[in-house]
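Okay, so here's the structure we're looking at.
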Amino acid sequence: MRVIWLVAVNTFKETVRNKVLYNILLVAAVVLLLAMSFGDLSVMSRVQVMSDFGLATMSLTGLLLAVFIGVGVLGSEIADKTVYGVLCKPVDRIQFIVGKFSGLLVTLVLNFLLIALIFVVAITWMVGRAPESAIFSAVFLLMVEMSIIIAAAIMWSCFTTPTLAAIFTLSFYVAGHLNDMITLSADVQENPFTKTVLVILHYVLPNLEFFNIRTQVVFGLPVADGHVMTAAVYGALYTALLLLLSSVLFARKDL
């Protein structure tokens with residue numbers, strides 16, 4: 001555990017020094033400010049607009065962090081060969097992978113909490129009351145979703161270049177949100193081979209829409225009992241699976 005902790009701390013320090021992180025936060029701040037100004041122009045209430053924009057901003061922020069920092073952290077160490085200095089010490093490769101993931105996840109959570117604090121304070125200031133508790137559930141599920149994306153970014157980085165890893169991570173994110181469409185496509189396919197491939201993709205890819213409760217939050221709809229807990233367990237298991245695959249791939253990598 002001490003080794004994982006040290007790798008995680010070093011990863012966190014590295015991401016904090018990364019200028020890309022602050023550019024992403026700047027984009028998030030601009031979007032939130034625009035959401036406040038758009039509230040008066042929308043047919044929806046300002047609270048609804050702020051909630052929608054705030055959750056969308058966190059989703060975009062998490063994706064950008066996973067792609068530009070998650071991919072870069074491991075990819076740059078392999079490219080610059082600084083990973084040799086770590087692995088020559090008593091550090092298992094699985095400890096290295098888990099430590100990298102943990103450091104990136106802490107960075108993501110802190111950024112989410114900062115953005116969430118900003119837009120919750122803004123909503124409270126505008127309407128004179130705290131937002132509904134469903135917003136906090138939505139933020140939590142976004143964190144779970146982005147933990148999957150970070151794990152996927154690390155997995156792709158284990159066996160390909162940073163550029164390809166970024167492309168694969170973006171494709172993985174899009175495909176995960178279109179998982180339900182894959183199921184519908186499989187149902188109408190007449191070709192057995194194509195149908196089998198689509199069914200396999202449906203079960204292999206994560207269903208990222210499972211973590212999306214923005215509609216319920218924005219329009220005040222109820223969230224099904226147990227949905228948040230079920231989604232959290234599903235996300236944790238899928239993340240663990242990706243980290244396991246990353247560890248296997250990284251262990252076989254010739255460094």
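Start at 1 with the first residue, then count along the sequence.
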Please round to the nearest 0.5 Å and tell me the distance separating atom CD1 of I154 and atom NZ of K100. 9.0 Å

Between S59 and M146, the two heavy atoms sitting closest are O-CE, 3.4 Å

So if you build clusters from Ile, Leu, Val, Met, Phe, Trp, Tyr with side-chain heavy-atom gaps below 4.5 Å, do V109 and L243 land together? yes

Any chain of hydrophobic side-chain contacts (each under 4.5 Å) joining L60 to I135? yes

When clusters are formed by joining ILVMFWY residues with side-chain heavy atoms under 4.5 Å apart, either directly or through shared neighbours, do L164 and L64 land in the same one? yes

From R214 atom CZ to L221 atom CG, the distance as rounded to the nearest 0.5 Å: 14.0 Å

The reported gap from CZ in F172 to NE2 in H177 (rounded to nearest 0.5 angstrom) is 10.5 Å

Are the side chains of E209 and M181 in touch, meaning some heavy atoms are under 4.5 Å apart? no

Using a 4.5 Å cut-off on heavy atoms from C-beta on, say whether the side chain of S137 contacts that of I213. yes

I200/T196 under side-chain contact (heavy atoms from CB on, under 4.5 Å): CA gap, chis, key distance, verdict: CA-CA 6 Å; I200 292 174; T196 301; 4.0 Å; yes

If you measure from OG1 on T161 to CZ on F168, what distance do you get to the nearest 0.5 Å? 8.0 Å

Can you see which heavy atom on A232 is nearest to which on F140, and at what distance? CB-CE2, 3.8 Å

May I ask you to test the L63-L170 pair for a side-chain heavy-atom distance under 4.5 Å? yes

Side chain of N179, backbone of L205: donor and acceptor closer than 3.5 Å? yes

I'd like to know if W156 and V204 are part of one continuous hydrophobic network [Ile/Leu/Val/Met/Phe/Trp/Tyr, side-chain heavy atoms within less than 4.5 Å]. no

Can you name the closest pair of heavy atoms from A153 and T169 and give their distance? CA-OG1, 3.4 Å

Which label fits F250 and F96: parallel for a plane angle under 30°, tilted from 30 to 60°, or perpendicular past 60°? parallel

Given L141 and H227, is the side-chain contact (heavy atoms from CB on, under 4.5 Å) satisfied, shown in steps? CA-CA 10 Å; L141 289 183; H227 177 82; 4.2 Å; yes

Identify which one of V71, V67, L65 satisfies the side chain to side chain contact (heavy atoms under 4.5 Å, CB included) criterion when paired with I69. L65

Is there a path of hydrophobic side-chain contacts, each under 4.5 Å between heavy atoms of I, L, V, M, F, W or Y residues, that connects L113 with L105? yes

Does L242 reach the side chain of I148, with side-chain heavy atoms less than 4.5 Å apart? yes

So CG of L245 and CD1 of I97: to nearest 0.5 Å the spacing works out to 11.5 Å

What are the two closest heavy atoms between G235 and F211, and how far apart are they? CA-CZ, 3.8 Å

Counting heavy atoms not belonging to I94, are there more than 12 under 6.0 Å from its CD1? no

Minimum heavy-atom distance between T107 and G103, given as atom pair plus value: OG1-O, 3.0 Å

Taken to the nearest 0.5 Å, the spacing of N207 CG from D180 CG works out to 4.5 Å

For the pair T239 and Y234, evaluate side chain to side chain donor-acceptor pair (under 3.5 Å) and give the outcome as yes or no after the intermediate values. CA-CA 9 Å; T239 300; Y234 171 68; over 6 Å; no

Using every non-hydrogen atom in the two residues, find where L198 and I182 come nearest and quote the distance to one decimal. O-CG2, 3.3 Å

